[in-house]
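Below: the structure, in structure tokens.
We use all heavy atoms of the structure for the numbers below, so side chains are in, but hydrogens, waters and symmetry mates are not. Below, chain A is the first sequence line, B the second, and so on; all start at residue 1.
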Amino acid sequence: SEKTPFELTIGLHNQFRYTGFSRDNDTSIDAAGNVRTIPNRNDFNVNRGRLVFSGYALDKDLGFYANIDYSTVASSSIQPLLTWISFRHSDTFTLYMGLGKVPGTWEWQQTSRYTLGADRTLATTFFRPSISAGMWGIGKLGDSLSYTVFVGNGLNTLTLRSADLDTNFVYSGLAWWEPLGDFGVGFSDQEYHQDLAIRIGHGLTQTRNDSTSSDQSGAEQTVVRLSDGTRLIEPNALAPGVTVNAFDVWLYTVHLGLKKQGYSLSSEVFMRWLRNIEGTGGAELDSLFDNGFYVQGGAFVIPKKLELFARGSAVTGNFGTGSEVAAGLNWHLFEKRSARLTLDVTDVRDSPAEQSRTGYVAGETGTLVRMQLWTFF
Amino acid sequence: SEKTPFELTIGLHNQFRYTGFSRDNDTSIDAAGNVRTIPNRNDFNVNRGRLVFSGYALDKDLGFYANIDYSTVASSSIQPLLTWISFRHSDTFTLYMGLGKVPGTWEWQQTSRYTLGADRTLATTFFRPSISAGMWGIGKLGDSLSYTVFVGNGLNTLTLRSADLDTNFVYSGLAWWEPLGDFGVGFSDQEYHQDLAIRIGHGLTQTRNDSTSSDQSGAEQTVVRLSDGTRLIEPNALAPGVTVNAFDVWLYTVHLGLKKQGYSLSSEVFMRWLRNIEGTGGAELDSLFDNGFYVQGGAFVIPKKLELFARGSAVTGNFGTGSEVAAGLNWHLFEKRSARLTLDVTDVRDSPAEQSRTGYVAGETGTLVRMQLWTFF
Amino acid sequence: SEKTPFELTIGLHNQFRYTGFSRDNDTSIDAAGNVRTIPNRNDFNVNRGRLVFSGYALDKDLGFYANIDYSTVASSSIQPLLTWISFRHSDTFTLYMGLGKVPGTWEWQQTSRYTLGADRTLATTFFRPSISAGMWGIGKLGDSLSYTVFVGNGLNTLTLRSADLDTNFVYSGLAWWEPLGDFGVGFSDQEYHQDLAIRIGHGLTQTRNDSTSSDQSGAEQTVVRLSDGTRLIEPNALAPGVTVNAFDVWLYTVHLGLKKQGYSLSSEVFMRWLRNIEGTGGAELDSLFDNGFYVQGGAFVIPKKLELFARGSAVTGNFGTGSEVAAGLNWHLFEKRSARLTLDVTDVRDSPAEQSRTGYVAGETGTLVRMQLWTFF
């Protein structure tokens, strides 16, 4: 009615994937001396299914969004993933309150539906923050400059409860410039830009991770890994007899993207500092620095439809280097992003990252094959 | 079509909250001698998100309702909260079958969207029953008398499975009288009653809690606490070497509400008897009696829009007294209940209650600050 | 719009049940020597609640389906149950990708909304496969022959994650013939066929269950039980000191259904071979063979409305026989399947099956009473 503006849209996303992994070794050993089993894989999954309810209510500028995620890979088979209430002030600023993405890095901040390959890169999976409850703002300054700034509970608190949290916030921002006009979403030039489109940006993320009130290493701290995939708070990871229970994280990233006539090139560089590291027994440990990058390029051999791509990414730090090299193809069934078949083959070396959606397992070396169908509306 | 009457409505509720808690002490000791850690808090949460599917099908009197709850505070991040099929006979009686609220107390039986402050009071959180599968009836006797009666599995069986249940039912009823016309929902006079509106009511709840078939204290029994917050079935809580494994609960409550020209006053008194308490080794223990109350008042300084409120609640029993005193404000963004900003500050003393949604932790003393936005449609 | 074909339908299913169980014995002993507790029951449950989102998008032949299950009985109170993307080629073949039913047996492949009694039989519950991620095809060959073929991760991987899976697939097919015209759904002659309708079919299911890469008996193997209800991988189940960690499953089933003028008769025979059974320490164990059946008949005493039914089912194998005999009634409130009240009483002897939805507990003997209302639209 005119009295109560209202609109509700229901969306459904579905990512079906076959995953095969052929390991080079049965096990690996982490920095704390633990033996990690590396499994072979040959299985089907719904990696990401989402029911999305969105719209506005009471006022056109009072938006709502609820993205309910389900899958056969995450530890919770169904969960609220992203959900917020938003107040739009102007193109310059919209305020969001809820469960949102800590922006941090480009490839992470882009939806998983628009990755170039089957999923995000190894380097992004290692460095990126994740999802947290908090407040954030998104807006544009002029025609070509966009930003998002975020304050919330921590780097990755999606599955945590208040007893698992410390009392520190995470702060994160990402800003990017599209000087030659609209770059579009994602990384592929699926739009087929006639003229060169450029995106240049950078992001900064900072948080302090304290132990919980019971002085134990906390659940909030488990997401940070060393460059060989060992969790930072694994006992003995940094020194014999010491378990890390507090540290600062600083993450700075720079990214560049190009698109033209079906060709695309994109890259991001990651720098992460772990500082003021404290451990059990009052131990004060040396700071750590890790860096990494990805570079990926795509070329449509049939415009808007069939794309070949290649990519590589690496993570380097005090505990060694992990890397991947991949090649594959995207077939857009209806010349749109919304039904995409992807096949890629990835050579993974000493994975520093582990995540159920992407399929990386910490410490693994071998060949990862993914065939998937992404559909959404 | 005319042949098959059908209507489906989708609703979305969202409660976003900042919670701060500054503890007076790091720990407290419960009746069983356990040391409880009291955490400070500084975090954002989606305390209650709900997707609500409701309507009728096949016949206008055959209603359905499914309320799927998601949050960042409950142990299950998403769960069916309230879901039923209903058959309407007349205004006098509608039968419900499903997962519903054990009515028990006024503030509990009212939706959490209509609390006076940011959430329900400490006394309600301590005494109230919760949600159970069962059958219930709701109706009106004449114009001014309303009732709800309920039979179900137990006081709080939302997250329990049949192996966790004993074979006793819970019985609960709530009846209230609105002699001067419609009192309206909730506690605030957001409706701005020109003339005095009154609500008077009372409720009775009874159940036997037996151990499970394996003779262990059961999951169904964990919800009952002593007046210092100790779980009744905590080993040694009532006597050294004894663990309670069976008891009767009787809860009687009386309530009164007043609303007029933006002013409101509401109060409820709770009386709870724990009887026929049995423990390990055949121990028979003395009955326990706990009582409590809340009183809360609100005044709109801008009619329908800005309300100031204060409230207090307390629980007293054999294991001491816990209490809270709070003050705060409600700002109704669109002069409706459906978008409400609340700020309240609560002084909590020796909390006897613990619940993730409200933010109370058993044994805590300190200052609780909550800022929240409730939106729903 | 014409450019983007799109349709979304939302369905809601609700099965509300009272379950009573009166045990003949407090405990039973399994093949491994473990004492199993048999609980009495007296409780209400939402056994199956489902939100179903289905339709097509982008193209009329690109279908989607997401069935989100919630209940008070399953270990996950809410979960994605069946969810897929489908491509329709013709009536002869539609391809599905997602989380689907391993077809295997008739009563299992039929939706639980169309069982003759309150739930599936004891024999089906014991033998049937379950749900897995995979790819499958469904189609008709001519007017009267239907089939479904499936390849996926395993017999029952709904709640498993990739680390729980072995690298073997499950293969399953079901084909049936309706020579005298449309048999209709389910088992009751709720349609009131004027002339005899017949359905004859069979199914074959095969998989290898290996231990996981860590050489432990895996989660994927827990669903297979011996004929006394003992899990096959229970230590000492087949031989002292031996735990099974690999085996082949072959399941062959034959079924027959008849419907005419409100009368119906249906039966299925199950044959299961466990072969190449291996255990800890390189043990090679003898193959096992189990067989079973159900027979069930219904008669409408008021056509399309009130049906009386009886059924029996049994499982026999190397570890003894379990069985059930049941009688009950179905009352279709609106002369449709979509609102059905069922009451049945079942005498269960030495249950070989255990499943939370149906209410069977391994090893139990006693009387099971179920009263339920199934509604869906």
Side-chain angles (χ1 to χ4, degrees), chain A residues 9-23 26-27 35-53 68-80 332-339 341 354 356-357 359 361 371-377, chain C residues 3-6 8 10 51 53-59 62-70 76-87 96-100 131-136 151-154 157-169 210 212-216 220:
Chain A
T9 300
I10 300 180
L12 200 139
H13 307 172
N14 196 287
Q15 183 183 33
F16 177 76
R17 184 186 295 174
Y18 164 79
T19 302
F21 183 75
S22 176
R23 63 189 173 196
D26 293 7
T27 58
V35 176
R36 299 176 290 198
T37 300
I38 308 301
N40 279 324
R41 287 187 63 180
N42 181 44
D43 51 62
F44 300 102
N45 284 291
V46 178
N47 285 60
R48 293 176 178 92
R50 271 99 195 237
L51 282 168
V52 182
F53 301 83
I68 308 297
D69 165 72
Y70 56 88
S71 75
T72 62
V73 300
S75 57
S76 298
S77 69
I78 185 167
Q79 61 189 335
H332 298 84
L333 277 68
F334 300 96
E335 303 195 354
K336 295 179 181 180
R337 291 184 187 270
S338 46
L341 199 66
E354 175 157 332
S356 61
R357 311 260 187 194
V361 172
M371 271 180 289
Q372 91 181 8
L373 179 66
W374 238 134
T375 53
F376 57 90
F377 58 81
Chain C
K3 281 164 122 180
T4 311
F6 177 75
L8 168 67
I10 300 180
L51 282 168
F53 300 83
S54 63
Y56 53 82
L58 301 169
D59 187 294
L62 176 54
F64 59 84
Y65 182 91
N67 178 330
I68 307 297
D69 166 71
Y70 57 88
S76 297
S77 69
I78 186 166
Q79 61 189 334
L81 192 78
L82 298 167
T83 169
W84 60 69
I85 296 295
S86 62
F87 290 90
Y96 295 78
M97 286 170 278
L99 199 53
I131 289 171
S132 181
M135 301 178 72
W136 62 102
V151 54
N153 293 339
T157 68
L158 177 62
T159 60
L160 305 185
R161 295 298 173 255
S162 65
D164 304 320
L165 301 175
D166 63 27
T167 54
N168 302 304
F169 287 148
D210 263 336
T212 60
S213 52
S214 54
D215 241 348
Q216 301 296 308
E220 195 176 339

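Using a 4.5 Å heavy-atom threshold, the side chains of A:L333 and C:F87 count as touching. The shortest side-chain heavy-atom distance between C:R161 and A:T72 falls under the 4.5 Å cut-off.
Contacts between C:L8 and chain A at a heavy-atom distance below 4.5 Å involve the side chain alone, from C-beta outward. With a 4.5 Å cut-off on non-hydrogen atoms, A:I68 does not touch chain C at all. With a threshold of 4.5 angstrom between heavy atoms, C:Y65 does not approach chain A through any atom at all. Both the backbone and the side chain of A:S77 come within contact range of chain C, each with at least one heavy atom under 4.5 Å from a heavy atom of that chain. Looking at A:N14, only its side chain comes within 4.5 Å of chain C, counting heavy atoms on both sides.
Here the closest heavy-atom approach between residue C:V151 and residue A:F44 is recorded as O-CE1, 4.1 Å. Contact detail for A:I78 and C:P80: the closest heavy-atom pair is CB-CD, 4.1 Å. Here the closest non-hydrogen pair linking C:N153 and A:N42 is OD1-O, 4.4 Å. Nearest heavy atoms, C:G98 versus A:F16: N-CE1, 3.3 Å.
Ring pair C:F169/A:Y18 is perpendicular by interplanar angle, where above 60° counts as perpendicular and below 30° as parallel.
When each of C:T157, C:L158, C:I85, C:N168 is scored by its heavy-atom pairs under 4.5 Å with chain A, the top score falls to C:I85. Taking chain C as the reference chain and counting heavy-atom pairs below 4.5 Å, the highest number among A:L12, A:L373, A:T375, A:L51 is found for A:L51. Across C:G134, C:S132, C:G55, the residue that shares the most heavy-atom pairs under 4.5 angstrom with chain A is C:G134. Between chain C and the residues A:D43, A:I10, A:N45, A:V46, the most heavy-atom pairs under 4.5 angstrom are made by A:D43.
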In sequence, state the C-alpha distance, the side-chain angles, and the governing distance for C:L62 and A:F334, and then conclude on side chain to side chain contact (heavy atoms under 4.5 Å, CB included). CA-CA 11 Å; C:L62 176 54; A:F334 300 96; 3.7 Å; yes
From CA spacing to verdict: side chain to side chain contact (heavy atoms under 4.5 Å, CB included), C:L58, A:S338: CA-CA 8 Å; C:L58 301 169; A:S338 46; 3.6 Å; yes
